[in-house]
Structures are given as structure tokens and as C-alpha cells.
Amino acid sequence: MHESLINMYQMNFALIHHHKYSLTELESMIPFERDVYVSLLKQYLEELEEKSRQRK
Amino acid sequence: MLPTLSVPEFQTVLPSTGKKITFRPFLVREEKILLIALEDGEKETIIKAVLDLLRNCIIDEIDVDNLATFDVEYLFMQIRSKSVSEQIEMMLRHGQGDCEAKTKVKVDVEKIKVTGEISDGKIELTDKIGIKLKYPSYSVDKTIERDAEHLFELISNNVEYIYDQENVYNEFTKEELIQWIDHLNKDQFEKVLTFFTEAPSLRHNIEWECKECGKKDYAIVEGLRDFFMLV
């Protein structure tokens, strides 16, 4: 499997509680779509972290 | 107002009949059901999860319960390729030897094909009498092991009809059928058995080279459980 059940719950929880997604939205996505959003979000957070590091 | 279609549709060809099948990718909520079945690990749970998924994702009218096992495996992989990725990544390690390294191997789903000749199931037993068989399906044969003890059950579950020069016989009890099969001679029984032992299957040979020791190795993926693990 390209992911495990526990990973799926952890990822859904993080997306719902930290990034304003709803469970209905997440569960209505095609798995590759969700992977794309997670990857874009990860990229965005890395950029934010880099900017914050540069400011210091 | 009719519901709006929000997922793309794709087409593939059913290996056993060559018929075009339209399907949609599965969704995250459906993937969750597959993951729960995988956690459970029971053969019957996995089969049920896969058949339910096919019922949900195939848009055309099709009797999923009567699909041949290789059709189910093929459709499942086709739906997987449009839902997750057209490539499967897996970590492989040598089956034997000292090297413990794991190598990332990519498999193209489009290259996974049904192997073996697909027969129409008609077998001539004598000049006058023949039998029409169908390939086993997961819904009927899910609990049947492919061993000698269960051969009669496997065969009797998959007889469509028996025919001679004048008639087609498709109304019989299971007991009558088992008795009829029991009266086949060795050659006739072998012919019937060959239909099942040489049934097509979804099978893929993966050849890979270890990133650590450089040795070439191979792995075979076959059967619903193997393909299910890849999803």
C-alpha cells in the first residue's frame, strides 16, 4: 500500500486541525490529489520556515 | 436536478471478453476501506473490499460477482493506476544471501498484463459430449483452496452447461454434477482440470538490481493479495 491506515488518520488529523480542511473534503479527494495538496503544503511550510530563518 | 459528476472517467478493456469498461478512480474514503481490509489481513475481507470497490468505481453495468479472478485483479490495478499513481514504488530485498540492503524499485502499472491463453471454456470430452466451463470468480470460490481435496467443488462451481449433439443440459443439482464429474475417465478429467490449472492470471516479473551489491534479482507478483499489497 502506498500508505498505512495510521498514516492516513494522522495526516487527516493534521490537515483538519492545522490547515482548515474538512474530513468530507479530504475523503472526497482522489488519493493522488490529496498527495499533491500535501506535497504543496509541505513545500509552502518549508518556504515559510526558510523565510523565518532568514529574518533571524 | 441530476447530480454533478466530479470525478474523471477512464476506459479499459476487460481481458476475458475484450469489452470496454468505463470506470472512475477511487476516493480517499474508499482507500480507507482498503487499508482497513489490509489491516484485518483476512482473505475474505480483502476480497470483499476489492469487489465492493469495483462495484462502486465501475460505471458500466457489469456483474462484478461473476468476473473471472484475473479480470478482477486487472480492473483493480487499472483503477489503482488512475487513483494513486501509474507507477508503483516498492522496496525490495534479496530473498537469499547475506545482502540486507533494500532497493527502491518502480513498476509501471501499464506493463502488468494478464498472462496465459483465454479460452472460451468449451471442452470436447468425446466426439459427442462436451462441457462448457467458466473461469473461477472470487465471489463464488473465495473460500476454496486450489488443492486436490477441493478440486471437485471448484469444478462443479464453474460448469455452465454440458452438451451433446442434440441438447444443452444446464439444469442439474450439484450432487448430480459431482456424480457426473466422478464418472469422467482420467484423460477427460485431466482436460477439465487443465482449464483451471492453466487459467490466465495477472502476473508480473520484476527484475531489479541491488543498489548495494549490484547483484541482479527478480520477484514475481501474482494473485489478488500480492496486487492488493501494492496499492
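Keep in mind the model is a prediction, meaning the values are calculated, not measured. In what follows, chains carry the letters A, B, and so on, assigned in the order in which the sequence lines appear, proteins first and then strands, with residues in each chain numbered from 1.
- Of the two parts of A:M8, only the side chain, counted from C-beta on, holds a non-hydrogen atom closer than 4.5 Å to a non-hydrogen atom of chain B.
- When heavy atoms are compared at a cutoff of 4.5 Å, A:L26 approaches chain B solely by way of its backbone atoms N, CA, C and O.
- The number of heavy atoms from other shown groups lying within 6.0 Å of CD (A:E50) is above 12.
- Distance check: A:E33 CD to B:S83 OG gives 10.5 Å after rounding to the nearest 0.5 Å.
- In terms of heavy-atom pairs under 4.5 angstrom with chain A, the leader among B:E39, B:K82, B:K32 is B:K32.
- B:S156 is linked by a side-chain contact (heavy atoms from CB on, under 4.5 Å) to B:K174, B:L177, B:I178, B:I181, counting only residues two or more places apart in sequence or in another chain.
- Other residues, nucleotides and ligands contribute at most 12 non-hydrogen atoms within 6.0 Å of the OH atom of A:Y37.
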Open item on the list: Between B:I36 and A:L5, does the side-chain contact (heavy atoms from CB on, under 4.5 Å) criterion hold? Intermediate values first, please.
Closed with: CA-CA 7 Å; B:I36 292 169; A:L5 191 59; 3.9 Å; yes
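- For the atom pair CD (B:E86) and CZ (A:F32), the distance works out to 9.5 Å, reported to the nearest 0.5 Å.
- Heavy-atom neighbours of B:K132 NZ from other residues, nucleotides or ligands within 6.0 Å: above the threshold of 12.
- Heavy atoms of other residues, nucleotides or ligands lying less than 6.0 angstrom from CD of B:E117 number 12 at most.
- Side chains of A:I30 and B:V28 form no contact here, defined as non-hydrogen atoms less than 4.5 Å apart.
- Between A:P31 and B:V84, the shortest heavy-atom distance links the atoms CB-CG2, 4.2 Å.
- In this structure, B:Q11 places its CD atom where more than 12 heavy-atom neighbours from other residues, nucleotides or ligands lie under 6.0 Å away.
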